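Numbers restart at 1 for each chain; the letters A, B, ... are given by sequence-line order, proteins then strands. As the structure is a prediction and not an experimental result, all values here were calculated from the model.
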Amino acid sequence: MSTRIALVFAGQVPVGEKVTIEGWIRTRRDSKAGLSFLAVSDGSCFDPLQVVAPQELTNYATDVVRLTAGCSVRCIGELVASQGKGQTVELRADTVEVVGWVDDPDTYPMQPKRHTMEYLREVAHLRPRTNVIGAVTRVRHTLAQAVHRFFDQQGFFWVHTPIVTASDAEGAGQMFRVSTLDLENLPRTPAGRVDFDKDFFGKEAHLTVSGQLNVETYCMALSRVYTFGPTFRAENSNTRRHLAEFWMIEPELAFADLAADAQLAEDFLKFIFKTLLDERKDDMQFFEKHVDKDCITRLTAMIDSKFERMDYTDAIATLVASNKKFEFPVSWGIDLQSEHEKFLTEEVVKGPVAVVNYPKDIKAFYMRMNDDEKTVAAMDILAPGIGEIIGGSQREERLDMLDRRITQMGLHAGDYNWYRDLRRYGTVPHAGFGLGFERAILYATGIENIRDVIPFPRAPRQAEF
RNA sequence: UCCGAAGUAGCUCAGUGGUAGAGCAGGCGGCUGUUAACCGCCGGGUCGCAGGUUCGAUCCCUGCCUUCGGAGCCA
């Protein structure tokens, strides 16, 4: 059984102990003193372990000096204090077994040098071997663990909402169709339409764009629930902040209003980022040094800050009073554009801000109508450097109001019968929010393109690997 | 989808209307308890694809493809 390199650096392996490590060669440096230095990484932590391979090894001339980046090895030897600078301990190898060679090292795509992120996307099956993608992967894992830990500690239950949804109306975004019909030979109704009664589910089905409506049903029984899973949008978005497949976190809180929702969001963000800083120091230091020098101070500032609250109406007044020239003119009733959000969070508040109570006409049907009948209890949390990071709302718990909103939006109440039932049987005020998981990773690491924080990005015309 | 930019060696890039170079990587040799080391030599390219202009195009023009940045949509 081999030892993970992370345990070695964590001091859990005493100097003098014989260990086996297994991993991949990052670099090899030969010394005429009669030994080679192998940087071996197993991905368990940021740093590779230095393995010292003396020329006395029986396969030194045949194997060790032929090692190149990417070769897999099993090294057995004694952990010793390093004689060189740059590391405190190293492995003095008794054996270096080559598990797998690299065919044609000349064209091995992952060289021990800096690659562009664009290039790495083209070799998505090999890019986890790089420092940056390895670090992203560990950060992503730690944040995901922190998400679950936060909700667990707060008494929330993780509800696995469906990926495939046959609801007639999700109400948000364009959806990917799920069908087993033969596209070359579609069944038709007498009226000439595609006959989805012949399809697998007997009706139209799609990939989910949000688990919210489903999770609300469990909220009306278990009080505190959340979803955390993949969601899909078939929109032709080509930006560094959008994916066709991304992971979303959506908590739902019963007996709660918008203020409680905003507080939950604030506590949540602070918890997951604090956990990240506590548990992934090595990787975060790499991001600070090579990707975004402000990433750690940005997270620290957020953790220590008190999120501001700002009414939408006040936000509009602030934007107008700034006399700043915006590409999109500002007036009450508009949806805030990227430039407006950035201005508010980066120049006015200079920190995270929850903007609340948006005009009803620019928000979804399920958001709770405020007493003014002009605004709904919606919120967006804006953060410097990224803009909107969380969107949420108090849900409309009054059936008559919900029905009125459904009608106003040109939707059909009949399509939402199970959702309406929640308002007929023991309805309660409740609220929730949605967080795009990859956006949180962008914010934490300073990585610029969302395609670099998910292992296999899905975007328009991009579904390789 | 709209606006802008870019596609030259395995990678990162320079360059020219007369078919091309550097650094890194790779191979060989030298040197060193080395730190993405250093020194020397060597191999390696349909200059994104398709047309057009021209005696001649990698360079100029047109179209297409791909990628990047911004916007919209949104998380």
If the C1' atom of B/U35 is compared with that of B/C74, how far apart are they to the nearest Å? 46 Å
Can you tell me if A/Ser393 and A/Arg395 form a side-chain donor-acceptor pair at under 3.5 Å? yes
Assign A/Phe246 to base, sugar-phosphate, or nothing according to its heavy-atom contacts below 4.0 angstrom with the strands shown. base
Only counting residues at least two apart or in another chain, list the ones meeting salt bridge (Lys or Arg N to Asp or Glu O under 4.0 Å) with A/Arg29. none
Rounded to whole angstrom units, what separation is found between the OH atom of A/Tyr119 and the P atom of B/G10? 10 Å
Say we look at B/G27 and B/U16: how far apart would their P atoms be, to the nearest angstrom? 34 Å
Let me know the distance between CG of A/Leu336 and P of B/C73, rounded to the nearest Å. 11 Å
Separation between the P atoms of B/U19 and B/A57, rounded to whole Å: 11 Å
Rounded distance (Å) that lies between atom C1' of B/G72 and atom NE2 of A/His340: 13 Å
Below 3.5 Å between N/O atoms, which protein atoms pair up with nucleotides 65-71 of chain B? Just atom names and distances, please.
unit_1: B/U66; atom_1: OP1; unit_2: A/Arg461; atom_2: NE; d: 2.4
unit_1: B/U66; atom_1: OP1; unit_2: A/Arg461; atom_2: NH2; d: 2.9
unit_1: B/C68; atom_1: OP1; unit_2: A/Arg121; atom_2: NH1; d: 2.3
unit_1: B/G69; atom_1: OP1; unit_2: A/Asn449; atom_2: ND2; d: 3.4
unit_1: B/G69; atom_1: OP2; unit_2: A/Asn449; atom_2: ND2; d: 3.3
unit_1: B/G70; atom_1: OP1; unit_2: A/Arg240; atom_2: NE; d: 2.4
unit_1: B/G70; atom_1: OP1; unit_2: A/Arg240; atom_2: NH2; d: 3.0
unit_1: B/G70; atom_1: OP2; unit_2: A/Arg240; atom_2: NE; d: 2.9
unit_1: B/A71; atom_1: N6; unit_2: A/Asn238; atom_2: O; d: 3.3

Which whole number of Å gives the distance between the C1' atom of B/A25 and that of B/G43? 13 Å
Sugar-phosphate only, base, or nothing, as touched by A/Leu243 at under 4.0 Å among non-hydrogen atoms: base
Identify all pairs in which a protein N or O lies below 3.5 Å from an N or O of nucleotides 33-35 of chain B, and state each distance.
unit_1: B/G33; atom_1: N7; unit_2: A/Gln83; atom_2: OE1; d: 3.2
unit_1: B/G33; atom_1: O6; unit_2: A/Gln83; atom_2: NE2; d: 2.9
unit_1: B/G33; atom_1: O6; unit_2: A/Arg92; atom_2: NH2; d: 2.4
unit_1: B/G33; atom_1: N1; unit_2: A/Glu90; atom_2: OE2; d: 2.6
unit_1: B/G33; atom_1: N2; unit_2: A/Gln50; atom_2: NE2; d: 3.0
unit_1: B/G33; atom_1: N2; unit_2: A/Glu90; atom_2: OE1; d: 2.5
unit_1: B/G33; atom_1: N2; unit_2: A/Glu90; atom_2: OE2; d: 3.1
unit_1: B/U34; atom_1: O2'; unit_2: A/Arg29; atom_2: NE; d: 3.4
unit_1: B/U34; atom_1: O2; unit_2: A/Arg29; atom_2: NE; d: 2.9
unit_1: B/U34; atom_1: O2; unit_2: A/Arg29; atom_2: NH2; d: 3.1
unit_1: B/U34; atom_1: N3; unit_2: A/Gln50; atom_2: OE1; d: 3.0
unit_1: B/U34; atom_1: N3; unit_2: A/Gln50; atom_2: NE2; d: 3.1
unit_1: B/U34; atom_1: O4; unit_2: A/Gln50; atom_2: NE2; d: 2.7
unit_1: B/U34; atom_1: O4; unit_2: A/Gln87; atom_2: NE2; d: 2.8
unit_1: B/U35; atom_1: O4'; unit_2: A/Arg29; atom_2: NE; d: 3.3
unit_1: B/U35; atom_1: O2; unit_2: A/Gln87; atom_2: OE1; d: 3.2
unit_1: B/U35; atom_1: N3; unit_2: A/Lys85; atom_2: O; d: 2.5
unit_1: B/U35; atom_1: N3; unit_2: A/Gln87; atom_2: OE1; d: 3.3
unit_1: B/U35; atom_1: N3; unit_2: A/Gln87; atom_2: NE2; d: 3.4
unit_1: B/U35; atom_1: O4; unit_2: A/Lys85; atom_2: N; d: 2.5
unit_1: B/U35; atom_1: O4; unit_2: A/Lys85; atom_2: O; d: 2.2
unit_1: B/U35; atom_1: O4; unit_2: A/Gln87; atom_2: NE2; d: 3.4

In whole Å, I'd like the distance from the CD atom of A/Gln174 to the C1' atom of B/G72. 12 Å
Reading nucleotides 45-50 of chain B from 5' to 3' and marking B where a protein heavy atom lies under 4.0 Å of the base, S where only the sugar-phosphate is that close, and - otherwise, the string is ------
Measure from the side-chain heavy atoms of A/Thr116 and tell me the nearest of B/C11, B/A36, B/U12. B/U12
Grab the CG-P distance between A/Leu38 and B/A36 for me, whole Å please. 15 Å
B/C74 P sits how many Å from A/Glu438 CD, rounded? 19 Å
Categorize A/His242 for me: base, sugar-phosphate, or nothing, with a 4.0 angstrom heavy-atom threshold over every strand shown. base
Interatomic distance at C1', B/A22 relative to B/G70, whole Å: 33 Å
Can you give the dot-bracket line for RNA chain B, using ( ) for pairs inside the strand, [ ] for pairs that cross earlier ones, | for pairs with another strand and . for unpaired bases, where Watson-Crick and G-U count if both distances are under 3.5 Å? (((((((..((((....[..)))).(((((.......))))).....(((((..]....))))))))))))....
Nucleotide-resolved protein contact map, nucleotides 20-28 of chain B, B/S/- at heavy-atom distance under 4.0 Å: ---BBBSS-
Separation of B/G72 atom C1' from A/Asp335 atom CG, nearest Å, is 12 Å
